[in-house]
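Presented below is the structure to which this report refers.
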Amino acid sequence: MLESFSAKGRVALVTGASRGLGLAMAEALAAAGARVLLNAREAATLAAAADGLRAKGLEVEPLPFDVADAAACRDGMAELLRRHGRLDILVNNAGIQHRVPVTEWTDADFERVVAVNLTSCFRLAREAARSMLERRWGRIINTGSVVAILGRPTIHAYVAAKAGLHGLTRSLAAELARDGITVNAIAPGYFATEMNTALLQNAEFTAWVEQRTPAGRWARPAELGGAVVFLASDAAAYVNGHVLAVDGGLSVSL
Ligand SMILES: NC(=O)c1ccc[n+]([C@@H]2O[C@H](COP(=O)([O-])OP(=O)(O)OC[C@H]3O[C@@H](n4cnc5c(N)ncnc54)[C@H](OP(=O)(O)O)[C@@H]3O)[C@@H](O)[C@H]2O)c1
């Protein structure tokens, strides 16, 4: 039974994998047997992250590019296929945040957040599907968010993009399943990462997270590992178009 949870022999790409949730999911997939390409923009940080995982005996390699840059995505995917000949697992995880009252939002800020958190996921899923369709096997996993289920003030483009990503998950799932490709999303609750530095340093906000989340605490990035390994595995072959909340019960409680 445990064999069906293995990622042995798979080639995976995780975007936004130099730190936080992406790095944790990359580590989990590599520990499950996949060769994982780590993506982010800053090459030096990415190389250090890859070194750290290799020191643990994991098979990883950096693939730096900006997911918001269409040409860079095309070149990055071409480089991946040149090195490995195929892509089995895509984790669309790179994301950015921007917090201001609605009247202070500029069009440019809105478009920047959507470009990274949504448009890039469509673009990479399309390129990944081209490779996966050849072998009639693939896993596309998008990092959504509980705030796309519930809504939050000030982070308008983020909520809109993540809600769009949950929708994109469903439309791709509906189209690709007959060819052995599943598409799912993970909706994390509040995880202690660099993206949430300001929130983590705010004692009042942290008290609110602890009170509002049934689990009573912030999550650790490694706690996303089991969900991504499951969705990427043969064990999840019939799980398709699902948004899996990993949120300590936040999205099902008031
Ligand atoms: N932390 C949470 O509580 C939480 C909750 C729900 C959802 N999420 C989602 O989970 C994902 C990861 O969040 P996190 O908390 O781990 O954030 P993080 O610590 O800020 O890490 C973000 C990662 O994305 C990369 N990145 C940002 N822009 C990029 C771009 N244009 N191209 C390629 N890589 C890019 C960053 O590296 P570079 O800056 O070097 O590019 C970094 O590796 C995001 O999609 C986020 O929205 C997080």
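Every number for a ligand or one of its atoms is a count from 1 in the order of the listing.
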Nearest-contact summary for [atom] - protein heavy atom, Å:
atom	result
atom 25 (C) of ligand 1	Gly16 CA, 3.5 Å
atom 17 (O) of ligand 1	Met195 CB, 3.5 Å
atom 16 (O) of ligand 1	Leu21 N, 2.8 Å
atom 44 (C) of ligand 1	Asn93 O, 3.2 Å
atom 18 (P) of ligand 1	Arg19 NE, 3.5 Å
atom 14 (P) of ligand 1	Thr193 OG1, 3.6 Å
atom 10 (O) of ligand 1	Thr143 CG2, 3.2 Å
atom 31 (N) of ligand 1	Asp66 OD1, 2.8 Å

side-chain hydrogen bond (donor to acceptor under 3.5 Å, both in side chains), paired with Asn93, selected from Thr15, Thr143, Asn39: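 Output: one option passes, namely Thr143.
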Which of the numbered atoms in ligand 1 are below 4.0 angstrom from a heavy atom of [X]?
X	value
Phe65	32 (N), 33 (C)
Ser145	6 (C), 7 (C)
Ser18	37 (O), 42 (C), 43 (O)
Asn39	33 (C), 34 (N)
Ile96	27 (C), 28 (N)
Glu194	19 (O)
Ala94	24 (O), 34 (N), 35 (C), 45 (O)
Tyr190	3 (O)

[atom2] on [Y] to [atom1] on [X], rounded to 0.5 Å:
X	Y	atom1	atom2	result
Leu199	Trp218	CG	CH2	5.0 Å
Ile181	Leu176	CD1	CG	4.5 Å
Leu124	Met77	CG	CE	5.0 Å
Thr193	Arg19	OG1	CZ	8.0 Å
Glu111	Leu118	CD	CG	12.5 Å

Salt bridge Asp234-Arg10, side-chain N to carboxylate O under 4.0 Å: yes
Tell me the closest heavy-atom pair linking [X] and [Y], and the distance in Å.
X	Y	answer
Val14	Gly22	CG1-O, 3.6 Å
Ser4	Ser233	O-CB, 3.3 Å
Phe191	Arg220	CE2-O, 3.3 Å

Ser120 heavy atom under 4.0 Å from ligand 1: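 Checking ligand 1 against Ser120, which is what was asked, there is no heavy-atom contact under 4.0 Å.
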Sub-4.0 Å heavy-atom contact, Gln97 with ligand 1: no
Let me have the donor-acceptor pairs involving side chains of residues 49-61, under 3.5 Å, with sequence neighbours excluded, atom names and distances please.
{"unit_1": "Asp51", "atom_1": "OD1", "unit_2": "Arg54", "atom_2": "NH1", "d": "2.9"}
{"unit_1": "Arg54", "atom_1": "NE", "unit_2": "Val60", "atom_2": "O", "d": "3.1"}
{"unit_1": "Lys56", "atom_1": "NZ", "unit_2": "Glu27", "atom_2": "OE1", "d": "3.4"}
{"unit_1": "Lys56", "atom_1": "NZ", "unit_2": "Glu27", "atom_2": "OE2", "d": "2.9"}
{"unit_1": "Glu59", "atom_1": "OE1", "unit_2": "Arg35", "atom_2": "NE", "d": "3.2"}
{"unit_1": "Glu59", "atom_1": "OE1", "unit_2": "Arg35", "atom_2": "NH2", "d": "3.1"}
{"unit_1": "Glu61", "atom_1": "OE1", "unit_2": "Arg83", "atom_2": "NH1", "d": "2.6"}
{"unit_1": "Glu61", "atom_1": "OE1", "unit_2": "His84", "atom_2": "NE2", "d": "3.2"}
{"unit_1": "Glu61", "atom_1": "OE2", "unit_2": "Arg35", "atom_2": "NH1", "d": "2.5"}
{"unit_1": "Glu61", "atom_1": "OE2", "unit_2": "His84", "atom_2": "NE2", "d": "3.0"}

Aromatic ring pairing His98/Trp105, orientation class (parallel under 30°, perpendicular over 60°, tilted between): perpendicular
Residue part near ligand 1, for Ala192, under 4.0 Å between non-hydrogen atoms: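 Within the 4.0 Å criterion, Ala192 makes no contact with ligand 1.
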Is [Y] close to [X] at the side-chain level, that is, under 4.5 Å between some pair of heavy atoms?
X	Y	answer
Asn184	Leu244	no
Thr213	Asp247	no
Leu29	Val91	yes

Got an N/O contact under 3.5 Å between [X] and ligand 1?
X	value
Arg41	yes
Phe191	yes
Asn196	yes
Pro188	no
Gly189	yes
Val67	yes

